[in-house]
**Student:** 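Starting off with a structure, shown below.
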Amino acid sequence: MRRQKKKSRHSKHPHNRQYKDRLWRMIFNNKEDLLQLYNAINHTDYQNPDDLEVNTLEDVFYLSMKNDVSFLVGGTMNLYEHQSTFNPNMPLRGVFYFSRLYEGYVADNNLMIYHEKRVRLPKPKYIVFYNGTKNQPDSMELKLSDCFENTDNEAPCLECTATMLNINYGHNQELMKHCRRLKEYSIFVQCVREYIQSESSVEDALEKAIDTCINQDVLADFLKKHRAEVTNMILTTYDKDLYEKTLKEDAREEGRKEGMEYLNQLNKYLLKAKRYSDLERATEDIEYQKKLLKEFGIE
């Protein structure tokens, strides 16, 4: 009966990425940590957390959209969001978010947008913190214009750019060095992943991961205070079978990409050497293909 209850509990929420999004919002739910994160990203040295004007966007009209934190610092409107899966549509989400934020900003500051005088608005900056299992670079830009169907090469009248930062353990080390909270979050998630792979149950994995991090002073204050909440959060959103399936699919995808790169290199070498018969044979004979790869040192 006990095992059946566990299985039922885990199956209610099949997407294990939810726990990391919720955990990230919990950890950065105070001005001190947000200010440290802002300073680390922008190479600034603001000291007073009370200077932050913190806003959160709730699900209002776009029901599937839930941003993490937005705040204003030094004339810049910063939108920070956490993602556990790679999503090239983040700039489109950003357009929706910023339109709501600017609408609120105009109303709160009694700005007259129908007069001849130009209004002054804080500059938008959209950061997406990514820690999914797919391999991604430390930083990359996602643009709204990449979503447009453009057949006439005319520049679009609307653009939104999201900067995606990989915060998996081992990435963006300079950023982590200047934001301890972010580094500790990265270590904790990695610790959970490793213990889940080695332990027989998610419960045991969480106990060990939390104990290990507390003993190593990683999110120690947060985990001591919110241990039960964090444990329940992960247990109610984690699906180990789905996680392992995702890892396998990601590995296969990476393998396919790597294999295509090797084959492209081989084809270039064969074409350059005008070995057309070898090129044709390699497309049908896998063993011969392997032999040619070894011959050209492509491994």
Side-chain angles (χ1 to χ4, degrees), residues 15-46 49 52 54-57 65-74 76-98 101 122-147 159-193 218-219 222 246 250 253-254:
H15 302 294
N16 67 297
R17 64 178 178 268
Q18 293 175 354
Y19 91 80
K20 287 181 287 184
D21 298 338
R22 291 173 58 193
L23 179 63
W24 193 88
R25 288 195 296 272
M26 278 185 66
I27 292 173
F28 287 97
N29 192 33
N30 66 80
K31 287 186 176 182
E32 289 79 6
D33 290 330
L34 280 176
L35 184 59
Q36 184 187 73
L37 184 60
Y38 176 88
N39 283 333
I41 290 174
N42 295 283
H43 310 291
T44 51
D45 191 29
Y46 289 97
L52 290 179
V54 181
N55 307 281
T56 57
L57 293 177
M65 300 193 305
K66 188 174 292 181
N67 90 296
D68 297 319
V69 184
S70 64
F71 56 86
L72 297 171
V73 177
T76 304
M77 181 177 285
N78 299 269
L79 185 62
Y80 285 10
E81 185 168 10
H82 181 280
Q83 283 287 299
S84 298
T85 55
F86 174 72
N87 184 350
N89 301 310
M90 297 306 293
L92 181 57
R93 291 159 60 97
V95 169
F96 298 148
Y97 292 145
F98 280 117
L101 285 170
K123 182 177 68 176
K125 188 170 185 178
Y126 188 18
I127 304 292
V128 177
F129 297 93
Y130 166 82
N131 78 334
T133 56
K134 283 191 175 182
N135 187 33
Q136 297 292 349
D138 278 10
S139 177
M140 69 182 298
E141 285 193 344
L142 305 173
K143 292 183 177 294
L144 176 67
S145 55
D146 292 335
C147 298
E159 182 64 283
C160 181
T161 302
T163 301
M164 189 181 81
L165 300 177
N166 190 340
I167 57 171
N168 279 298
Y169 183 70
H171 288 270
N172 277 303
Q173 296 184 32
E174 188 66 22
L175 174 63
M176 300 293 180
K177 185 170 67 175
H178 291 92
C179 184
R180 179 178 176 180
R181 211 57 158 176
L182 188 64
K183 180 178 180 180
E184 290 179 350
Y185 167 75
S186 173
I187 293 172
F188 176 69
V189 170
Q190 181 64 23
C191 192
V192 170
R193 284 172 173 164
V218 173
L219 292 180
F222 176 82
T246 301
D250 290 348
E253 179 64 23
E254 288 299 317

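What you see is a predicted model; the values in this text were computed from it and never measured. We number each residue from 1, following the sequence as shown.
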**Student:** Any side-chain heavy atom of W24 within less than 4.5 Å of one from V189?
**Tutor:** no
**Student:** Is any side-chain heavy atom of N172 less than 4.5 Å from a side-chain heavy atom of F129?
**Tutor:** no
**Student:** Distance check, rounded to the nearest 0.5 Å: H43 atom NE2 versus L175 atom CG?
**Tutor:** 8.5 Å
**Student:** Over 60° means perpendicular and under 30° means parallel, so tell me whether Y126 and Y97 are parallel, tilted or perpendicular.
**Tutor:** perpendicular
**Student:** So, N131 side chain and I167 main chain: donor-acceptor pair closer than 3.5 Å or not?
**Tutor:** no
**Student:** Between CG of N87 and CG of L92, what distance do you get to the nearest 0.5 Å?
**Tutor:** 9.5 Å
**Student:** Could you state the interatomic distance from OH (Y130) to NE2 (H171), rounded to the nearest 0.5 Å?
**Tutor:** 9.0 Å
**Student:** List the residues meeting side-chain hydrogen bond (donor to acceptor under 3.5 Å, both in side chains) with D146, not counting sequence neighbours, and say none if there are none.
**Tutor:** none
**Student:** Any side-chain heavy-atom pair from M164 and N166 closer than 4.5 angstrom?
**Tutor:** no
**Student:** Less than 4.5 Å apart, any side-chain heavy atom of K183 and any of V218?
**Tutor:** no
**Student:** Between the side chain of E184 and the main-chain N/O of L219, is any donor-acceptor distance below 3.5 Å?
**Tutor:** yes
**Student:** Run the side-chain hydrogen bond (donor to acceptor under 3.5 Å, both in side chains) test against N78 and tell me which residues pass, sequence neighbours left out.
**Tutor:** none
**Student:** Got a second to check how far K134's NZ is from T85's OG1, nearest 0.5 Å?
**Tutor:** 9.0 Å
**Student:** By ring pair (Phe, Tyr, Trp, His ring centres under 6.0 Å), which residues pair with F222, not counting sequence neighbours?
**Tutor:** H226
**Student:** So, the side chain of N168 versus the backbone of G132: is there a donor-acceptor pair under 3.5 Å, distance only?
**Tutor:** yes
**Student:** For residues V95 and L144, determine if any side-chain heavy atom of one lies less than 4.5 Å from a side-chain heavy atom of the other.
**Tutor:** yes
**Student:** Is there a donor-acceptor contact under 3.5 Å from the side chain of N39 to the main chain of Y46?
**Tutor:** yes
**Student:** Is atom OH of Y169 surrounded by more than 12 heavy atoms (other residues, nucleotides or ligands) closer than 6.0 Å?
**Tutor:** no
